[in-house]
Amino acid sequence: MEDEGEASQLVGRLPDPRSIAFTTKTLRTIPRSWAEGMAQWRGIYFIFDRKRNMGYVGAAFGKDNIWGRWNEHLKKGGDAKKLNECDPEDFVFSILEHAARDADKKTVEALERSWKVRLHTIRYGLNDN
């Protein structure tokens with residue numbers, strides 16, 4: 001088995017959160033080191049459904065943070081009713097805002113609400129609330 005140092009030289013560093021736009025196919029094949037890195041990130045993310053031409057804003061602050069939430073959405077899991085009606089194969093995942101590692105639930109949810117309002121994803125997108 002390769003050591004992590006060797007593998008990281010072949011894979012490269014995890015991209016800057018502001019530049020990420022992963023399709024579902026890409027997300028399913030990212031290197032383990034990238035998944036571990038994203039599991040440390042709290043913040044606000046955006047899922048764009050290419051087929052419906054609509055977006056969803058979500059918050060990540062719990063177990064495995066952004067990586068955990070994105071994987072729930074790939075399995076049509078979680079509390080996002082409208083998003084769960086979509087085919088995950090049509091998704092593109094990106095990060096809108098990085099939150100502090102120690103940001104609490106209330107802080108992250110306030111950021112999420114702000115993005116939902118600014119991007120109109122409740123009225124014209126895939127957010128239900």
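Values below: all heavy atoms of this structure, side chains included; hydrogens, waters and symmetry mates excluded. Because the structure is a prediction, the values reported are computed rather than measured. If you read the sequence from its start, that first residue is 1, and numbering goes on from there.
Between atom CG of residue Asn127 and atom CD of residue Glu112 there is a gap of 7.0 Å, rounded to the nearest 0.5 Å. Rounding to the nearest 0.5 Å gives a distance of 10.0 Å between CG of Asn84 and CD of Glu72. Ile44 CD1 to Leu111 CG: the interatomic distance, rounded to the nearest 0.5 Å, is 5.0 Å.
For Glu89 and Arg28, the salt-bridge test passes: some basic side-chain N is under 4.0 Å from an acidic carboxylate O. Ion pair Glu109/Arg113 not flagged as a salt bridge, since none of the NZ, NE, NH1 or NH2 atoms sits closer than 4.0 Å to an Asp/Glu carboxylate oxygen. A salt bridge is absent between Lys82 and Glu85: the closest approach of a Lys/Arg side-chain nitrogen to an acidic carboxylate oxygen does not fall below 4.0 angstrom.
Under the 4.5 Å side-chain criterion, counting only non-hydrogen atoms from C-beta, Trp70 is in contact with Met38. Contact annotation: the side chain of Ser33 never approaches that of Leu14 to less than 4.5 Å [non-hydrogen atoms, C-beta and beyond]. Val92 is not listed as a side-chain neighbour of Ile47, based on a closest heavy-atom distance of 4.5 Å or more. Side-chain atoms of Phe91 and Leu27, non-hydrogen and from C-beta on, never get closer than 4.5 Å to each other. The shortest side-chain heavy-atom distance between Tyr56 and Asp128 does not fall under the 4.5 Å cut-off. Under the 4.5 Å side-chain criterion, counting only non-hydrogen atoms from C-beta, Lys116 is in contact with Asn129. With a 4.5 Å cut-off on side-chain heavy atoms, Ser94 and Tyr45 do not count as touching.
When the side chains of ILVMFWY residues are joined at heavy-atom separations under 4.5 Å, either directly or via intervening members, Phe48 and Leu74 end up in two distinct hydrophobic clusters.
Residue pairs meeting the ring pair (Phe, Tyr, Trp, His ring centres under 6.0 Å) criterion with at least one member in residues 97-129, sequence neighbours excluded, are Trp41-His98.
Side-chain atoms of Asp87 do not come within 3.5 Å of backbone N or O of Asp90 as any donor-acceptor pair. Under the 3.5 Å distance criterion, the side-chain polar atoms of Asp49 are matched with a main-chain donor or acceptor of Lys51. Listed for the Arg42 side chain is no donor-acceptor partner under 3.5 Å among the backbone atoms of Lys105.
Between Phe93 and His73, the distance separating the two ring centers is not shorter than 6.0 angstrom.
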Just list the side-chain donor-acceptor pairs under 3.5 Å for residues 17-25, sequence neighbours left out, or say none.
from  : atom 1 : to    : atom 2 : distance (Å)
Arg18 : NE     : Asp16 : OD1    : 3.1
Arg18 : NH2    : Asp16 : OD2    : 2.8
Ser19 : OG     : Asp16 : O      : 2.9
Thr23 : OG1    : Thr26 : N      : 3.2
Thr23 : OG1    : Thr26 : OG1    : 3.1
Thr24 : OG1    : Pro88 : O      : 2.4

